[in-house]
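Order of the sequence lines fixes the chain letters, A, B, ..., with proteins taken first and strands second; residue numbering starts at 1 for each chain.
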There are 2 protein chains.
Amino acid sequence: MSTQTLKRKSRIRERNEETILKAAEKIFSQQGFGAATTAEIAKSAGIPKANLHYYFNTKEDLYLRVLENILETWLIAAEDFTAEHEPKEALENYIRTKIELSRTCPEASKIFAKEIISGAPFLKKHLDKNVNPWINEKIKIFEGWIADGKMAPVDVRHLFFLIWSMTQTYADFNTQMTIVLEKNKLEKQDYETAAEMIINMTFSLCKLN
Amino acid sequence: MSTQTLKRKSRIRERNEETILKAAEKIFSQQGFGAATTAEIAKSAGIPKANLHYYFNTKEDLYLRVLENILETWLIAAEDFTAEHEPKEALENYIRTKIELSRTCPEASKIFAKEIISGAPFLKKHLDKNVNPWINEKIKIFEGWIADGKMAPVDVRHLFFLIWSMTQTYADFNTQMTIVLEKNKLEKQDYETAAEMIINMTFSLCKLN
DNA sequence: GTCTATATAACGATAGAC
DNA sequence: GTCTATCGTTATATAGAC
């Protein structure tokens, strides 16, 4: 392998991998790992199936790359959750960011949801190694806020379970919502209403009003 | 067809169908419709694959029967949501019932979740015909309560989206929860904590305290 | 790097002996 | 009603010409 290939992929490879990953995200979000087919992903990407296997050896490799991209996006979104903030602005900011992700990248949330519902066969190790340390760090911040009398004592882990569910449901269950709301797709106002209600409920629970 | 077979299925058929449906619920909840295989369901039920196809002609037939059973269970659980109740007891009762369903029948919730996330290919018509009339009926009850000053004016559809998400997440995402809570499975206390927090948040939003 | 053709395995479903 | 053997199809993945 030349130093060139070690330094960076060719432009063609980079562009094609991007196209395939984009198509894979769409198909995996609709079908899940097991039901998705490489033929359908290739067709959606507009390339022959053999080319897909040229860029990603196996379907599993492709799926893992898609999962990596999702987790990277989510990690960036959750960064500014530090003790320097007040709980009110930190929670409001987090909820608005999560709702915005559900609005702009529902496919990512759906892939993650299907993976977890299936028992997290690919992500179990990642959750152990990354999500648990992350949430344990956040718990310390919340405990500081609670000790300072800045918010009511709540079960922080369950608080996160509920915030995750309320924000991500606007991605995962958007099909059901469009049916109930009798519209073709959710509008920006729907996400705004959701954010306001979730923030309201969270502030009340934490006595931040 | 004899009057006997019209009246009821044979005991053998009834027992075997039950065994297969139970196994199917488990496999479909883990794999979804597309990724589940009849071979795996048959193996889980402890019968040859050919027998499964003897009792259920196609995989789709089997899946539809499983979905029917789930919807029937959920319909029964949502019955006592009438204007005769006060909003406080009606909402608390509904939330506790939904959490209890997540605790006792997580597989049912998971199958439903995967079906909706996939775009509800099998349930779209059912949601149009059944869920929409149901929720429109509930909205009238809530509007009555709001007009009577019994609760704050809230967007009832979004309120249901949030209650559904918070209660069902304790079924759908129980894998993630056991990892974060570092225990083998959720305990009754976890569901109790969840119910209390959800009821607290809902009452606050609706100003029912 | 691209693409046709194909190898190998697994899938849903059925035939037919018992 | 049960079960082995197998059909036809489709899946993942690769070989090899270009």
Measure from CD1 on B:I12 to P on D:dT2 and round the result to the nearest Å.
-> 6 Å

Where the side chain of B:K49 is defined as all heavy atoms beyond and including C-beta, which of C:dT2, C:dA13, D:dA13 is the nearest nucleotide?
-> C:dA13

Taking the side chain of A:K59 as its heavy atoms from C-beta onward, which of D:dT12, C:dC3, D:dT2 lies nearest to it?
-> D:dT12

Between C:dA13 (C1') and B:L62 (CG): distance, integer Å = 14 Å

Find the distance A:L52:CG to C:dG1:P and express it as a whole number of Å.
-> 14 Å

If only side-chain N and O atoms of A:T38 are considered, is one of them under 4.0 Å from the OP1 or OP2 phosphate oxygen of D:dA11?
-> no

What is the distance from CD1 of B:I41 to C1' of C:dC11, rounded to the nearest Å?
-> 13 Å

Heavy-atom closest contact (A:T178 atom, A:N184 atom, distance) = CG2-O, 3.7 Å

Proximal nucleotide (of D:dG1, C:dT2, D:dC3) relative to the A:N16 side chain = C:dT2

Could you give the CD1-to-P distance, from B:I47 to C:dA13, as a whole number of Å?
-> 14 Å

Do B:K114 and A:S118 have side-chain N/O donor and acceptor atoms under 3.5 Å apart?
-> yes

Short side-chain N/O contact from B:N51 to OP1 or OP2 of D:dT4, under 4.0 Å | no

Where the side chain of B:A50 is defined as all heavy atoms beyond and including C-beta, which of D:dT2, D:dG1, C:dT14 is the nearest nucleotide?
-> C:dT14

What does A:A36 touch in the nucleic acid at a heavy-atom separation under 4.0 angstrom: a base, only the sugar-phosphate, or nothing?
-> sugar-phosphate

Closest to the side chain of A:T37, out of C:dT14, D:dA11, C:dT2, is D:dA11

Distance check: side-chain N/O of A:N57 vs OP1/OP2 of D:dT14, anything under 4.0 Å?
-> no

Mind calculating the distance between NZ (B:K43) and C1' (D:dT4) to the nearest angstrom?
-> 18 Å

Whole angstrom value for the distance that separates C1' of C:dT14 from OH of B:Y54 | 14 Å

Would you please classify the geometry between the B:W164 ring and the B:F160 ring as parallel, tilted or perpendicular, with 30° and 60° separating the classes?
-> tilted

Are any of the side-chain nitrogens in A:R96 or A:E192 under 4.0 Å away from the carboxylate oxygens of its partner?
-> yes

Rounded to the Å, how far apart are B:D61 CG and C:dT14 P?
-> 10 Å

N/O donor-acceptor pair under 3.5 Å between B:T73 side chain and B:N69 backbone = yes

Which part of the nucleic acid, if any, lies within contact of B:Y55, taking any heavy atom under 4.0 Å across all strands shown: a base, the sugar-phosphate backbone alone, or nothing?
-> sugar-phosphate

By nearest nucleotide on DNA chain C, pick out whichever of A:R15 and B:H53 is the more 5' one.
-> A:R15

